[in-house]
Amino acid sequence: MLGGGGVVLALAIGAAVIMKPSDKDKTQVDSRFNIADYRQDASRLTGNTYMLSARVENIVTLGNDRLVAVSLPNNKQERLPLLVRSGVTDRVNLTRGDTFTFHVVCRNGQDEAGHDIKGIMVVEKVEDQ
């Protein structure tokens, strides 16, 4: 169960994106990721993994976790929310305005009321650029 009910629910509703799995080697950044497509139907992406180069635009703390809004180089106007679990960043200090490589997986979860939330982008690893 993913915590931060209201914010996580906003994450799922506000960030439903269709992403096509990358045909590239997983060591390369997936530049085909499209936030508008993700917003259409993120639930179809469950289990897909992506490596995204993204600029941190905003950070909201959710207990020990963080909700990070990022922009992608191919679409700087839209924001993609990423759930960053405690300890995932290791020694990387996420700072607003800086660009990082995010290894993400699309997951499903539940809000505090037990309602299903599909298509949550959960960060598995962060690297400095």
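The analysis underlying the following values was restricted to heavy atoms, covering all of them including side chains, and did not include hydrogens, waters or symmetry mates.
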Quiz item: Side chain of Asn48, backbone of Cys106: donor and acceptor closer than 3.5 Å?
Solution: no

Practice problem: Please answer whether the main-chain N or O of Gly97 pairs with a side-chain N or O of Arg55 as donor and acceptor at a distance below 3.5 Å. | Solution: yes

Quiz item: Is there a salt bridge (charged side-chain N to carboxylate O under 4.0 Å, His left out) between Lys76 and Glu57 once you walk through the steps?
Solution: CA-CA 10 Å; Lys76 294 180 182 180; Glu57 302 295 343; over 6 Å; no

Quiz item: Using a distance-only test with no angle check, is there a side-chain donor-acceptor pair under 3.5 angstrom linking Gln129 and Thr99?
Solution: no

Quiz prompt | Polar contact flag, side-chain donor to acceptor under 3.5 angstrom, Asn108-Thr46 | solution = yes

Quiz item: Is there a side-chain contact (heavy atoms from CB on, under 4.5 Å) between Thr49 and Val104 once you walk through the steps?
Solution: CA-CA 6 Å; Thr49 60; Val104 299; over 6 Å; no

Practice problem: List the steps, then state whether side-chain contact (heavy atoms from CB on, under 4.5 Å) holds for Phe100 with Thr95. | Solution: CA-CA 9 Å; Phe100 301 91; Thr95 52; 4.2 Å; yes

So, do [X] and [Y] sit near enough that their side-chain heavy atoms are less than 4.5 Å apart?
{"X": "Leu62", "Y": "Leu83", "result": "yes"}
{"X": "Leu80", "Y": "Glu78", "result": "no"}
{"X": "Val84", "Y": "Thr89", "result": "yes"}
{"X": "Leu94", "Y": "Val126", "result": "yes"}
{"X": "Glu127", "Y": "His103", "result": "yes"}
{"X": "Glu124", "Y": "Arg107", "result": "yes"}
{"X": "Val122", "Y": "Arg85", "result": "yes"}

Quiz item: Roughly how far, to the nearest 0.5 Å, is the CD atom of Gln77 from the CD1 atom of Ile35?
Solution: 9.5 Å

Quiz prompt | Gap separating the CG atom of Leu67 from the OG1 atom of Thr61, nearest 0.5 angstrom | solution = 10.0 Å

For a quick test of reading the model, state the closest non-hydrogen atom pair linking [X] to [Y] and the distance between them.
{"X": "Ser53", "Y": "Leu72", "answer": "O-CD2, 3.7 Å"}
{"X": "Gln110", "Y": "Ile117", "answer": "C-CD1, 4.0 Å"}
{"X": "Ser86", "Y": "Asp65", "answer": "N-OD1, 2.8 Å"}
{"X": "Arg79", "Y": "Ala69", "answer": "CB-CB, 4.3 Å"}

Practice problem: Mind running side-chain contact (heavy atoms from CB on, under 4.5 Å) on Phe102 and Val56 for me, showing each step along the way? | Solution: CA-CA 10 Å; Phe102 294 91; Val56 174; 4.0 Å; yes

Exercise. For atom CG of Asp128, decide whether the heavy atoms of other residues, nucleotides or ligands shown that lie under 6.0 angstrom number more than 12.
Key: yes

Quiz item: Could you walk me through whether Val70 and Leu82 pass the side-chain contact (heavy atoms from CB on, under 4.5 Å) check?
Solution: CA-CA 7 Å; Val70 299; Leu82 306 176; 3.9 Å; yes

